[in-house]
Protein chains: 2
Amino acid sequence: MSLRHALLGLLADSPQTGYDLTKRFEETLSGHAWNASHSQIYPELKRLLGDGLIEIVGEGSRGSKTYGVTAEGRAELRRWMFSPLGDTPPRNEFVLRLFLLSSLDLADTRVLVGQMAQASDVEVAGLTEAIATIERFTPPGTRPGYARFAAEFGRRYYELQSEWARWVLAELEKAS
Amino acid sequence: MSLRHALLGLLADSPQTGYDLTKRFEETLSGHAWNASHSQIYPELKRLLGDGLIEIVGEGSRGSKTYGVTAEGRAELRRWMFSPLGDTPPRNEFVLRLFLLSSLDLADTRVLVGQMAQASDVEVAGLTEAIATIERFTPPGTRPGYARFAAEFGRRYYELQSEWARWVLAELEKAS
DNA sequence: TGTTCCATGTAATAAGTTACATGATTTC
DNA sequence: GAAATCATGTAACTTATTACATGGAACA
């Protein structure tokens, strides 16, 4: 169950409300790392509060509560960050389809893999632009920050998908 | 819900029992694409049978049933393979940690990213060997088959993780 | 004859999704 | 004053995991 650690990690960055956290899941984590909706987030925040891993650091209008990580929470987060992977099995629809490619006939496979390459290229373009934006808004002499690292991973990942797909197409061409 | 399509895809390759399918999940899909245990697989096979997407093609000893995909099942599988991605949100602990890196202090970040690079190298080595084995057992003049494609993706993926981690280390070095 | 592997199932619990529900504040 | 956004919650349902349970066949 990585949800609590995702929440701890986001809150460690800066104190936030459940609503803020819901948006950050949607915007940054949901696409590549982890998904959670508000109906899961609010109850989990209460549990984290009960376990003393987070605390209420402020209350705003409309009954909003801003949570921050406690020392205990930060320790638990650190422990998890360094723990071995494999806690929760990955789930990746793209890779699943890749593993099931052999269920299609050769013509279908060619079409699908071609589509995979094209879709990946679109993502690469989007992330390349996002990275350019980050760089543009980074003052010279400053470190670009961690968002840059994540974006770089994303760009390289989609590049990999695209290049792999084209390699498969070439391999299929070879022998047939 | 991709479980049924994963099952259809595996059965499309060759008819199998629930037990066989459980093993193939563990061996091939569980690590990178999708996870499922036998307690989920058996009931889903019954549902697929009820929906006419698979059929029993043979019964062996110990009450084992071998399932095969029906024409309808194959059509449903094909439809899903070509449907747009995004049905189920991905889940990836490595990427989640990558997104939460900023919650660590600089020293911890360096250590963790270094460990990530090393762990990825181990995976690259394993997959490189697996690929060599596949190639060795492929008769000259033959297409190596789809397992080769999946292995290639895995190798490139771990290479990406390793290279990304080293790039991050270099970036962290730069500015401090 | 004991251990491992084959083979299938159910029950209890946990996690995740979708739908339902409410109300305050801001913006146009 | 209508619409969008902020803000939080619960209920119903589906999916997934862990634990429980059983027994046949192969092997040593």
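What's counted below: heavy atoms across the whole structure, side chains too, no hydrogens, waters or symmetry copies. Here is how names work: the chains are called A, B, and so on, in the same order as the sequence lines, proteins then strands, and each is numbered from 1.
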Interatomic distance where [atom1] belongs to [X] and [atom2] belongs to [N] [whole Å]:
X: A:Trp34; N: D:dA16; atom1: CH2; atom2: C1'; answer: 12 Å
X: A:Met1; N: C:dG16; atom1: CE; atom2: C1'; answer: 11 Å
X: A:Tyr19; N: D:dA7; atom1: OH; atom2: P; answer: 7 Å
X: A:His38; N: C:dT22; atom1: NE2; atom2: C1'; answer: 11 Å
X: B:Asp87; N: C:dG16; atom1: CG; atom2: P; answer: 17 Å
X: A:Lys65; N: D:dA7; atom1: NZ; atom2: P; answer: 12 Å
X: A:Gln16; N: D:dC6; atom1: CD; atom2: P; answer: 14 Å
X: B:Glu59; N: D:dA25; atom1: CD; atom2: P; answer: 15 Å

Taking [X] for its side chain and [Y] for its backbone only, find out whether a donor-acceptor pair lies under 3.5 Å.
X: A:Asp105; Y: A:Ala107; result: yes
X: A:Thr17; Y: A:Thr66; result: no
X: B:Arg91; Y: A:Arg91; result: no

If the cut-off is 4.0 Å, is A:Ser39 near the phosphate of D:dG9, judged by side-chain N/O to OP1 or OP2? no
Side-chain N or O of B:Asn35 less than 4.0 angstrom from OP1 or OP2 on D:dT17? yes
Six-ring centre of B:Trp80, B:Arg4 cation under 6.0 angstrom, axis tolerance 45°: no
Cationic tip of A:Arg155 above B:Trp164 ring, under 6.0 Å, 45° of axis: no
Could you check whether B:Arg91 gets within reach of a base, just the sugar-phosphate, or nothing at all, counting any heavy atom under 4.0 Å? sugar-phosphate
Would you mind telling me which residue lines up with the more 5' stretch of DNA chain D, B:Ser2 or A:Thr22, judged by nearest nucleotide? A:Thr22
Between D:dC6, D:dA7, D:dA16, spot the one nearest the side chain of A:Lys23, thanks. D:dC6
Donor-acceptor pair under 3.5 Å, A:Ser64 side chain vs D:dT8 base: no
So, under a plain 3.5 Å distance rule, would you say the side chain of A:Ser37 forms a donor-acceptor pair with the base of C:dT18? no
N-O pairing of B:Arg166 and B:Glu163 below 4.0 Å: no
Should A:Lys174 and A:Glu171 count as an ion pair when the cut-off is N to O under 4.0 Å? yes
In residues 40-53 of chain A, which ones come under 4.0 Å of DNA chain D, going by heavy atoms? A:Tyr42, A:Lys46
With DNA chain C as reference, determine whether B:Gly18 or B:Pro89 sits nearer its 5' end, using the nearest nucleotide of each. B:Gly18
